[in-house]
Amino acid sequence: MDCGRGTPILELDDAHGNVYRCKHCRTHLALADDIVSKDFYCKDGKAYLFDKVVNVSVGEKEDRMMLTGMHTVSDIFCVRCAVILGWKYEVAFERTQKYKEGKFILSRDQLLGPE
């Protein structure tokens with residue numbers, strides 16, 4: 001399947017009902033098995049930290065001061081409908097936050113899926 005921008009859309013195996021989707025266009029984004037933590041928050045409320053996501057485009061890197069310190073992050077967008085879904089942690093400046101690097105935050109408010 002194609003999103004209309006020449007980018008192929010990946011379909012995840014949803015045999016067990018464990019796929020998170022964009023709530024606006026239902027594009028597959030991540031598997032429940034790839035959740036690192038459900039104990040995160042963003043401006044819209046609850047958010048989940050994922051090890052892997054699909055069907056997102058990554059925006060420009062920028063430094064942001066967050067509750068846990070300074071991080072370099074990139075907003076992530078649905079490849080089909082272009083809504084902002086969350087962000088990717090590029091660099092964590094605090095040693096205790098390094099585990100976030102390369103991982104993704106998805107706002108629960110932007111998702112359809114398990115629960």
Side-chain angles (χ1 to χ4, degrees):
M1 192 179 306
D2 187 300
C3 72
R5 294 184 179 96
T7 304
I9 300 291
L10 298 173
E11 296 288 328
L12 299 170
D13 179 7
D14 197 19
H16 303 289
N18 67 347
V19 172
Y20 287 94
R21 296 172 177 81
C22 174
K23 83 171 188 181
H24 304 280
C25 67
R26 301 188 183 279
T27 297
H28 289 194
L29 299 171
L31 294 171
D33 292 344
D34 291 324
I35 293 176
V36 174
S37 176
K38 292 183 177 182
D39 197 25
F40 279 76
Y41 292 88
C42 63
K43 65 179 173 50
D44 298 323
K46 284 190 73 70
Y48 296 164
L49 181 68
F50 285 86
D51 193 39
K52 295 182 278 194
V53 298
V54 297
N55 299 320
V56 298
S57 60
V58 179
E60 300 275 327
K61 292 179 184 178
E62 64 179 72
D63 289 341
R64 287 188 198 156
M65 180 56 78
M66 299 186 168
L67 293 175
T68 56
M70 183 65 77
H71 295 78
T72 301
V73 299
S74 300
D75 286 337
I76 56 174
F77 305 85
C78 176
V79 295
R80 181 173 280 153
C81 70
V83 70
I84 296 177
L85 299 166
W87 63 86
K88 178 181 181 184
Y89 285 104
E90 303 285 357
V91 178
F93 293 94
E94 301 287 331
R95 191 180 85 254
T96 60
Q97 302 301 307
K98 291 287 187 185
Y99 75 96
K100 297 175 184 175
E101 291 181 343
K103 293 180 175 54
F104 302 85
I105 287 288
L106 293 178
S107 169
R108 188 64 181 104
D109 187 56
Q110 300 299 326
L111 303 177
L112 298 174
E115 296 130 46

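Keep in mind it's a predicted model, so treat the numbers as computed, not measured.
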Please report the shortest heavy-atom distance between [X] and [Y], naming the atom on each side.
X     : Y      : answer
Arg80 : Thr27  : NH1-OG1, 3.1 Å
Asp44 : Ser107 : CB-OG, 3.7 Å
Val83 : His24  : CG1-CD2, 3.6 Å
Ser57 : Val79  : N-CG1, 3.7 Å

Which distance, rounded to the nearest 0.5 Å, do you find between the [atom1] of [X] and the [atom2] of [Y]?
X     : Y      : atom1 : atom2 : result
Phe77 : Gln110 : CZ    : CD    : 12.0 Å
Tyr48 : Cys42  : OH    : SG    : 11.5 Å
Leu49 : Lys38  : CG    : NZ    : 12.5 Å
Phe40 : Leu106 : CZ    : CG    : 12.0 Å
Asp75 : Ile105 : CG    : CD1   : 12.0 Å
His71 : Glu101 : NE2   : CD    : 8.5 Å

Lys98 atom NZ, over 12 foreign heavy atoms within 6.0 Å: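 Result for NZ/Lys98: enclosed.
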Arg64, CZ: over 12 other non-hydrogen atoms inside 6.0 angstrom: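 Counting other residues, nucleotides and ligands, CZ of Arg64 exceeds 12 neighbours.
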Is any side-chain heavy atom of [X] less than 4.5 Å from a side-chain heavy atom of [Y]?
X     : Y     : value
Thr68 : Glu94 : no
Leu31 : Phe50 : no
Val56 : Lys88 : no

Do [X] and [Y] land in one hydrophobic cluster if side-chain heavy atoms of ILVMFWY residues count as linked below 4.5 Å?
X     : Y      : answer
Tyr41 : Met65  : no
Val91 : Met70  : yes
Val58 : Val53  : yes
Val54 : Ile84  : no
Leu29 : Phe104 : yes

Any donor-acceptor N/O pair, [X] side chain to [Y] backbone, under 3.5 Å:
X      : Y      : result
Lys103 : Tyr89  : no
Arg108 : Leu111 : yes
Lys46  : Asp109 : no

